[in-house]
Amino acid sequence: FDSQPNVAASRVYSLDKPLPARKPEPPKTDPKITVPFRPSNPSKRGIAGLLSPIPEYKEDPHEAKERQAREERKKNAPSVVWKPISGSKSLPTRSIAFSTTV
C-alpha cells in the first residue's frame, strides 16, 4: 500500500503522468467605445434631461452658529482659567480600622 518511503501520502494519491502544457493566452484588447455614455433611465431635470450639474458649496448654518458661540465664549472667558493654590491644604485621611460602624 505505501510504496513511497519517508512520505506521509500514499502513491494512490499521486499523479504519475506529467500535466499537459499550458495553452498561450490570447492578447487582451480593450474594446473601442464609439458611442458616448447615456444613462438608461436619465434624470427628468437638468439641462436637456441629462445629469444635473454639481451644486455649489453651501456652508453648514449649524457649524457657523457653533463657531460664533465658541468665539463669544472665548471673548468673555477670564484670562486665567485656573490657578493652583500654593502648598498642600489637605488633611491626612483617617483609617477605616478606627471607624465606629459595626
Sequence neighbours excluded and cut-off under 3.5 Å, please list the side-chain donor-acceptor pairs for residues 17-37, or say none.
none

- Test side-chain contact (heavy atoms from CB on, under 4.5 Å) applied to Ser95 - qualifying residues, sequence neighbours left out: Ala97, Phe98
- Which residues satisfy the salt bridge (Lys or Arg N to Asp or Glu O under 4.0 Å) test with Glu63, sequence neighbours excluded? Arg67
